[in-house]
Amino acid sequence: MKYKETLLKLMEIEKELQARSLDALACYNVGQVHEKQMAFHKCPKRNRWVFGGNRSGKTECGAVECVWLARGIHPFRENRRDVTGWVVSVSQQVQRDVAQAKILKYLQRRYIADVVMQGGRRTSPEYGVIDYIVVKNVFGGYSRIGFKSCDQGREKFQGASLDFVWFDEEPPKDIYDECRMRVFDKKGDIFGTMTPLKGLTWVYDEIELNQNDDPEVWCEYMEWRDNPYLDKNEVKAMEAVVPESEQLSRRYGKFSTGAGLVFPEFDQSIHVIEPFDVPKEWYSNISIDPGLANPTSIHFYALDYDGNIYVIAESFEAGQNVDYHVKRIFEIADRLGWPRDSKGRICALIDSAAKQRSLACEKSVAELFCEKGILVNTNVNKDMYSGIQRLKSLFAQRPPKIFIFKNCVNMIRELKSYWWGIDDRPKKTDDHSIDELRYFVMTLPKPKSLPVPEKTVIQSDKERLIRQRRNNQWTKKY
């Protein structure tokens with residue numbers, strides 16, 4: 001009897017395992033998803049992008065997102081009935097071999113109501129080119145996943161009203177703009193998954209740097225080591241054969257030019273954090289890089305007892321005078337409870353060039369700041385190469401030694417867009433925040449000592465016994 005029961009149980013387990021092996025979406029749900037994939041799915045923004053290296057798992061994100069939305073089973077978003085969306089590929093061949101294959105992988109046949117083909121047999125859609133798939137929605141309706149390719153031209157993307165668009169790899173700018181109009185009336189989602197192999201294209205400016213400050217734009221990076229399902233030995237072997245010039249994009253999923261980023265060690269997912277109430281005893285200094293036509297960059301810095309740096313507030317404005325910047329410093333200082341001296345003045349670092357006078361002005365910028373209550377120190381170390389190397393070291397350390405509050409958007413943008421130029425020098429553009437970050441790091445004070453609490457009699461006696469025992473052990477050993 002027990003033998004039959006055991007056999008039946010084994011048959012049930014085998015049946016369940018077979019069913020699960022056929023349902024890739026169920027496997028994805030129960031654990032075959034890594035941390036950064038989950039961050040993409042959870043993000044509430046409506047314009048989300050994953051920049052990933054080859055085989056980092058980025059395409060899985062897009063395919064699963066489409067299936068979840070079409071089926072009405074998205075675990076982190078409001079689900080709808082009768083959803084319509086597009087999957088946009090670079091070409092029809094890439095559509096068939098990549099995006100279409102991924103959609104079919106995660107969409108079980110029993111949930112497909114109909115398949116309309118552009119070429120091939122509807123009984124074997126994986127071997128042809130699909131026009132659209134009709135999907136059974138859990139709310140009783142039918143959703144539609146349509147397939148488009150960029151080689152069709154912008155005109156083929158007009159007219160529709162959509163709930164979502166997934167770009168599998170980078171589309172031309174005109175097609176991206178057209179697709180944004182397609183989701184406009186339904187407040188739909190745009191999401192893209194790509195390996196940035198084309199250099200600094202419009203995606204770099206509009207998505208990565210978010211130069212328009214669109215609050216709905218979000219991006220994430222994935223690299224080989226983020227994917228726990230890649231064989232570690234294979235990853236090491238690939239690292240050895242892929243040239244360093246290609247690893248920035250093909251491994252890390254980062255944009256690059258021939259010269260490369262100055263701070264590839266900077267990882268937004270690690271070094272950018274949510275703001276929190278910083279203890280006032282951590283407050284360290286303010287750093288200023290002044291400008292007139294160029295922006296004046298001002299950041300407030302904190303330093304904890306372990307020597308970790310926190311960039312906690314910023315002011316970043318162009319075309320304003322010293323009075324305006326002084327007012328901004330005092331506003332931020334009042335909000336933070338920043339320390340002042342007995343006369344209500346605030347100390348700060350500033351570019352040493354600020355002490356120079358011009359023919360147009362009798363007083364230097366440094367003197368003007370001091371007159372208004374900001375005691376600026378122009379004695380800063382401006383050595384560019386040592387400053388850059390110090391910053392690179394800080395960003396490379398694990399656990400991290402430098403953290404930037406996410407509301408310091410201009411410093412984050414500059415770190416992501418600071419490129420090497422000719423003669424081994426960085427390009428002298430968009431570096432104002434980076435300059436004053438260097439000033440702070442190169443004049444970095446020692447970490448503050450932890451306050452020593454007053455010991456009780458019991459604690460003092462305990463420490464005495466520990467020291468005595470340690471000395472006895474040392475004597476016996478040596």
Side-chain angles (χ1 to χ4, degrees), residues 23-30 32-34 36-50 52 57-89 95 98-116 125 130-149 157 159-169 171 175-176 178-194 207 216-220 222:
D23 188 355
L25 190 61
C27 294
Y28 191 91
N29 287 338
V30 298
Q32 288 191 358
V33 51
H34 60 69
K36 291 189 175 180
Q37 287 175 325
M38 191 56 66
F40 165 79
H41 293 305
K42 287 183 176 180
C43 178
K45 306 289 188 181
R46 291 173 45 214
N47 194 346
R48 296 165 289 148
W49 290 72
V50 174
K58 64 186 186 303
T59 310
E60 313 292 327
C61 294
V64 170
E65 191 77 3
C66 290
V67 173
W68 276 350
L69 291 170
R71 290 270 298 124
I73 57 172
H74 200 297
F76 309 112
R77 305 182 85 79
E78 180 183 357
N79 288 295
R80 304 175 184 175
R81 175 185 174 130
D82 302 329
V83 172
T84 302
W86 281 347
V87 176
V88 180
S89 301
Q95 170 196 318
V98 184
Q100 177 181 301
K102 293 291 185 183
I103 293 289
L104 293 174
K105 170 185 173 182
Y106 289 107
L107 185 61
Q108 281 191 301
R109 290 290 181 96
R110 57 181 171 154
Y111 299 131
I112 298 176
D114 195 10
V115 180
V116 176
I130 299 174
D131 187 8
Y132 63 88
I133 302 174
V134 180
V135 180
K136 297 176 184 178
N137 187 283
V138 295
F139 296 105
Y142 293 92
S143 298
R144 190 161 92 162
I145 301 176
F147 292 85
K148 298 281 186 180
S149 59
F157 290 79
S161 177
L162 304 173
D163 295 283
F164 70 84
V165 176
W166 168 34
F167 293 109
D168 176 40
E169 298 302 338
I175 289 178
Y176 167 79
E178 192 65 44
C179 287
R180 291 196 71 182
M181 293 298 103
R182 299 307 109 224
V183 301
F184 179 58
D185 60 329
K186 288 189 174 183
K187 297 182 180 179
D189 289 352
I190 293 279
F191 46 96
T193 57
M194 58 173 283
I207 306 299
E216 292 298 326
V217 167
W218 176 92
C219 62
E220 178 67 278
M222 290 183 186

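Values below: all heavy atoms of this structure, side chains included; hydrogens, waters and symmetry mates excluded.
A salt bridge links Asp189 to Arg77: at least one charged side-chain nitrogen sits closer than 4.0 Å to a carboxylate oxygen.
With hydrogens and angles disregarded, no donor-acceptor distance shorter than 3.5 Å links the side chain of Asp82 to the backbone of Ser143. With hydrogens and angles ignored, the 3.5 Å screen pairs no side-chain donor or acceptor of Gln95 with any backbone N or O of Ser149. Using modelled atom types, one side-chain atom of Gln100 and one backbone atom of Pro125 make a donor-acceptor pair closer than 3.5 Å.
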Q: Apply side-chain contact (heavy atoms from CB on, under 4.5 Å) to Phe167 and Ile190, showing your working.
A: CA-CA 8 Å; Phe167 293 109; Ile190 293 279; 3.8 Å; yes

Q: Decide side-chain contact (heavy atoms from CB on, under 4.5 Å) for Tyr106 and Trp68; before the verdict, give the C-alpha distance in whole Å, the side-chain angles of both, and the deciding distance to 0.1 Å.
A: CA-CA 9 Å; Tyr106 289 107; Trp68 276 350; over 6 Å; no

Q | Stepwise side-chain contact (heavy atoms from CB on, under 4.5 Å) check, Val50 with Lys36 | A | CA-CA 9 Å; Val50 174; Lys36 291 189 175 180; over 6 Å; no

Q: Decide yes or no on side-chain contact (heavy atoms from CB on, under 4.5 Å) for Ile112 and Arg109, but give the supporting numbers first.
A: CA-CA 5 Å; Ile112 298 176; Arg109 290 290 181 96; 4.3 Å; yes

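Taking every heavy atom of both residues into account, Trp49 and Pro171 meet most closely at CH2-CD, 4.1 Å. For Ala70 against Val83, the heavy-atom pair with the smallest separation is CA-CB, 4.4 Å. Contact between Cys179 and Val88 at its shortest, heavy atoms only, is SG-CG2, 4.5 Å. In terms of heavy-atom proximity, Val135 sits nearest to Ile145 at CG2-CD1, 4.1 Å. Here the closest heavy-atom approach between residue Asn79 and residue Ile73 is recorded as OD1-N, 3.3 Å. What you find for Ala99 and Asp168 is that their closest heavy atoms are CB-OD2, 3.7 Å.
Enclosure of atom OH in Tyr142 is not indicated, since only 12 or fewer non-hydrogen atoms of other residues, nucleotides or ligands lie within 6.0 angstrom. Under a cut-off of 6.0 angstrom, the local environment of CZ in Phe76 is crowded, with over 12 non-hydrogen atoms contributed by other residues, nucleotides or ligands.
Here Asp131 contributes atom CG and Phe147 contributes atom CZ; the two are 9.5 Å apart, rounded to the nearest 0.5 Å. Taken from CE in Met38 to SG in Cys61, the straight-line distance is 9.5 Å, to the nearest 0.5 Å. Between the SG atom in Cys66 and the CH2 atom in Trp86 there is a gap of 13.5 Å [rounded to 0.5 Å].
In this structure, Tyr176 and Arg180 have side chains that are in contact, with non-hydrogen atoms separated by less than 4.5 Å.
At least one test fails for Arg182 against the ring of Phe157: distance under 6.0 Å to the centre or angle within 45° of the axis.
In this view, Lys186 and Arg80, Ser161, Asp163 satisfy the side-chain contact (heavy atoms from CB on, under 4.5 Å) rule, not counting sequence neighbours.
Screening Glu216, Glu65, Glu220 for a side-chain hydrogen bond (donor to acceptor under 3.5 Å, both in side chains) with Arg48, the sole residue that qualifies is Glu65. Under the side chain to side chain contact (heavy atoms under 4.5 Å, CB included) test applied with Val98, the options Val87, Thr59, Ile103 reduce to a single match, Thr59.
Ring geometry, Phe164 versus Phe191: the interplanar angle falls under 30°, so the pair is classed parallel (tilted spans 30 to 60°).
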